[in-house]
Amino acid sequence: MENPDVLVVGGGPVGLATAIGARRTGLRALVVEPRPGPIDKACGEGLMPGALAELDRLGVRPHGHPIAGISYHDGSHEAEHRFRGSPGLGVRRTELSRALHERAAESGVGVGAGRVVGVTQDARGVDAALADGSSIRCRWLVGCDGLHSGVRRLAGLEAAAPRGGAARRYGLRRHFRRAPWSDVVEVFWSGSAEIYVTPVDDELVGVAMLGPRGLVFADEIARIPLLAEFLRGAEPAGPLSGAGPLRQRVRAHASGRVLLVGDASGYLDALTGEGMRIGFAQAAAAVRAIAGTVDTPLAELSGWNAGVRAAASYEREWHRASGAANRFTAGLLLASQSPVRRMIVPTAERMPGLFSAAVEVIAR
Ligand SMILES: Cc1cc2nc3c(=O)[nH]c(=O)nc-3n(C[C@H](O)[C@H](O)[C@H](O)COP(=O)(O)OP(=O)(O)OC[C@H]3O[C@@H](n4cnc5c(N)ncnc54)[C@H](O)[C@@H]3O)c2cc1C
């Protein structure tokens with residue numbers, strides 16, 4: 001492909017969604033990703049209704065298992081909310097990757113193997129250096145390279161990690177061959193971890209857990225008799241995978257012609273399970289910021305101006321796309337790391353209206 005308008009660094013779900021969205025506005029888009037597809041990742045694999053709606057808008061329709069809502073359990077208490085509108089979908093990450101790649105190819109998105117190791121920009125564009133010594137010139141570079149984003153660091157957008165190990169949380173995930181026993185994502189709250197069970201297929205459930213460093217997967221399951229009983233005799237399907245530390249901070253979400261989208265743009269926690277919904281909303285915001293700027297003749301005349309305008313527009317849109325959900329996640333995270341933790345599920349049970357309203361915030 002000749003020099004792309006938009007170079008997307010990272011072929012995870014948010015990177016591919018960004019590239020497909022960019023193509024839909026007529027921009028030439030190229031994705032570079034070092035790993036061969038379909039790509040897997042430690043994830044709860046629940047696509048909230050809002051994430052599904054955005055994928056549908058892009059023409060991406062993965063196979064999965066419908067999710068009717070979310071339930072919380074702590075052994076003595078439980079609360080359940082069933083989504084008010086359309087359902088969500090539990091989807092294996094490899095299936096999501098397949099469906100996104102298929103749509104990307106149909107849309108004319110270029111996908112190439114490569115790892116970006118250098119980023120420099122000038123008034124008219126960005127040069128990305130690849131690990132094999134080659135480079136790609138583009139007008140806009142979108143960093144969708146995940147939690148440990150190199151683009152974020154290379155563009156000077158990384159902020160210092162929060163102090164203190166207590167705030168550091170990690171994720172683990174494993175699949176089990178077993179028919180789902182519920183049509184909702186079940187979240188089990190133990191003393192220090194949250195365990196998510198997502199139906200992803202007729203004969204497969206994903207079990208993801210979040211908590212401090214050193215979580216032992218089997219021990220955490222054994223601590224929850226109801227869950228241990230459900231999984232008794234179920235064969236693990238695939239390896240145990242992990243991610244973290246989850247919390248990643250940024251100074252800003254864009255610098256000139258370099259924009260950060262998805263986990264690369266800063267991350268709080270997977271506690272509320274809506275990372276992909278927010279990532280897809282940010283992807284759409286980035287495409288709008290770029291397309292809106294490129295189309296302005298004045299911006300074409302002054303390259304730096306275009307970068308500054310797109311960065312400012314994206315910064316505003318990023319907050320619009322992510323703000324409410326991030327505030328909710330921050331509040332729940334704070335409560336979950338305080339003595340209030342043991343009150344979370346009982347409160348959700350006692351106040352179903354509040355629980356429902358909260359789930360609807362993260363769902364759409
Ligand atoms: C335990 C856990 C459970 C979760 N559960 C859910 C859930 O149920 N629902 C939900 O919506 N979200 C969930 N999330 C969050 C979700 O997984 C992320 O928000 C989502 O994967 C973000 O997608 P992304 O494309 O931004 O990043 P990623 O999926 O991490 O993709 C980044 C890609 O960039 C590539 N890359 C990295 N460096 C470079 C480089 N230098 N050059 C080129 N490419 C590079 C990587 O190989 C990777 O493929 C969960 C997260 C965790 C940890």
Side-chain angles (χ1 to χ4, degrees), residues 7-19 30-52 54-55 64 67 70 88-91 93 96-97 100 111-119 128-132 136 141-154 169-174 185 187 193-198 200 206-211 215 217 240-248 260-283 286 322 325 329 362-363:
L7 176 65
V8 176
V9 181
V14 175
L16 289 166
T18 304
L30 173 66
V31 177
V32 282
E33 162 64 52
R35 294 193 286 161
I39 296 172
D40 204 355
K41 175 191 177 289
C43 180
E45 301 180 322
L47 286 171
M48 292 287 175
L52 214 47
E54 181 56 18
L55 286 177
I67 295 174
I70 296 179
L89 198 67
V91 180
R93 286 290 291 236
L96 181 59
S97 179
L100 280 157
V111 179
R115 177 181 296 279
V116 169
V117 294
V119 173
L130 272 68
D132 66 2
I136 301 170
L141 184 145
V142 186
C144 300
D145 47 346
L147 276 184
H148 307 291
S149 169
V151 171
R152 184 171 69 215
R153 185 173 32 80
L154 294 164
R169 304 219 316 148
Y170 297 78
L172 294 173
R173 193 273 330 262
R174 180 161 231 178
V185 174
V187 186
E194 303 87 44
I195 305 181
Y196 298 72
V197 182
T198 310
V200 290
V207 179
M209 65 179 65
L210 302 168
L215 278 181
F217 194 81
L240 181 66
S241 55
L246 300 176
R247 180 123 190 238
Q248 303 290 334
L260 300 178
V261 177
D263 287 7
S265 71
Y267 196 69
L268 264 177
D269 203 272
L271 187 61
T272 41
E274 90 281 52
M276 288 186 276
R277 181 184 70 74
I278 295 180
F280 296 150
Q282 293 166 351
S322 339
T329 303
I362 59 169

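Quick note: residue numbers are just sequence positions, from 1. Both counts, for ligands and for their atoms, begin at 1 and track the order of listing.
Remark: Glu33 does not engage Arg115 in a salt bridge, criterion side-chain N to carboxylate O under 4.0 Å. Salt-bridge formation is detected for the pair Asp269/Arg169: a Lys NZ or Arg NE/NH1/NH2 atom is positioned less than 4.0 Å from an Asp or Glu carboxylate oxygen. Residues Asp145 and Arg153 are not paired through a salt bridge, judged by the lack of any N-O separation under 4.0 Å between the basic side chain and the carboxylate.
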Could you walk me through whether Arg35 and Asp40 pass the salt bridge (charged side-chain N to carboxylate O under 4.0 Å, His left out) check? CA-CA 10 Å; Arg35 294 193 286 161; Asp40 204 355; over 6 Å; no

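Separating the NE2 atom in His148 from the CD atom in Gln248 is a distance of 5.5 Å, to the nearest 0.5 Å. We find the OG1-CZ distance between Thr272 and Arg277 to be 8.5 Å, quoted to the nearest 0.5 Å. Residue Leu246 holds its CG atom at 9.0 Å from CG of Asp263, rounded to the nearest 0.5 Å. Expressed to the nearest 0.5 Å, how far OG of Ser265 lies from CD of Gln282 amounts to 4.0 Å. Distance check, rounded to the nearest 0.5 Å: CG of Leu47 to CD of Glu54 gives 12.0 Å.
Using a 4.0 Å cut-off to heavy atoms of Glu45, the atoms of ligand 1 that qualify are 7 (C), 8 (O). Here is the list of ligand 1 atoms found below 4.0 Å of a heavy atom in Gly146: 27 (O), 30 (O), 32 (C). Residue-ligand proximity, Gly114 to ligand 1, at heavy-atom distances under 4.0 Å covers atoms 43 (C). For ligand 1 and Val32, the ligand atoms under 4.0 Å from any heavy atom of the residue are 43 (C), 44 (N). Residue Val14 has at least one heavy-atom neighbour below 4.0 Å for each of these atoms of ligand 1: 23 (O), 24 (P), 25 (O), 26 (O). Residue-ligand proximity, Ala243 to ligand 1, at heavy-atom distances under 4.0 Å covers atoms 53 (C). When each atom of ligand 1 is checked for a heavy atom of Leu210 under 4.0 Å away, the hits are 1 (C). Within ligand 1, counting atoms from 1 as listed, the ones closer than 4.0 Å to a heavy atom of Glu274 are 11 (O).
In this structure, Pro13 has a heavy atom closer than 4.0 Å to ligand 1.
Counting heavy atoms closer than 4.0 Å to ligand 1, residue Arg115 contributes atoms from both its backbone and its side chain. For Met48, no heavy-atom contact with ligand 1 is shorter than 4.0 Å. By the criterion of a heavy-atom distance under 4.0 Å, the backbone of Ala42, and not its side chain, is placed next to ligand 1. Contact annotation for Tyr267 and ligand 1: only side-chain heavy atoms (C-beta onward) come within less than 4.0 Å of the ligand. By the criterion of a heavy-atom distance under 4.0 Å, the backbone of Cys144, and not its side chain, is placed next to ligand 1. Contacts with ligand 1 closer than 4.0 Å are made by side-chain heavy atoms of Ala270 only, the backbone lying farther away. Residue Arg35 touches ligand 1 through its side chain alone, judged by heavy-atom distances below 4.0 Å.
Protein heavy atom nearest atom 4 (C) of ligand 1, with residue, atom name and distance: Gly44 N, 3.0 Å. Atom 12 (N) of ligand 1 has Gly275 N, 3.4 Å as its closest protein atom, hydrogens excluded (heavy atom only). Protein heavy atom closest to atom 44 (N) of ligand 1, with residue, atom name and distance, is Pro34 CD, 3.1 Å. Ranking the protein heavy atoms by distance from atom 14 (N) of ligand 1 puts Cys43 SG, 3.8 Å first. With respect to atom 26 (O) of ligand 1, the closest heavy atom belonging to the protein is Asp263 N, 3.1 Å. Protein heavy atom at the shortest distance from atom 39 (C) of ligand 1 is Asp145 CB, 3.7 Å. Of all protein heavy atoms, the one closest to atom 10 (C) of ligand 1 is Gly273 O, 3.4 Å. Looking at atom 47 (O) of ligand 1, its nearest protein heavy atom turns out to be Glu33 OE2, 2.7 Å.
Contacts of Thr198 classified as side-chain contact (heavy atoms from CB on, under 4.5 Å), with partners at least two apart in sequence or in another chain: Ile67, Val185, Val200. Under the side chain to side chain donor-acceptor pair (under 3.5 Å) criterion, Arg93 pairs with no residue at all, not counting sequence neighbours.
Under a 3.5 Å cut-off, the side chain of Ser97 and the backbone N or O of Ile39 do form a donor-acceptor pair. Judged by distance alone, with hydrogens and angles left aside, the side-chain atoms of Tyr196 form a donor-acceptor pair with the main-chain N or O of Leu271 at under 3.5 Å. A donor-acceptor pair under 3.5 Å links the side-chain atoms of Arg152 to the main chain of Leu147, judged by distance alone.
A 4.5 Å side-chain heavy-atom check between Tyr170 and Leu215 finds every atom pair outside the cut-off. Here the side chains of Glu45 and Arg173 are in contact, with some heavy-atom distance below 4.5 Å.
Note: an N/O pair closer than 3.5 Å links Val116 and ligand 1 by distance alone. Considering backbone and side-chain N/O of Gly11, none are found under 3.5 Å from N/O of ligand 1. Note: an N/O pair closer than 3.5 Å links Arg93 and ligand 1 by distance alone. Taking any N or O of Leu246, backbone or side chain, none lies under 3.5 Å from an N or O belonging to ligand 1. Between Met276 and ligand 1, at least one pair of N/O atoms sits closer than 3.5 Å.
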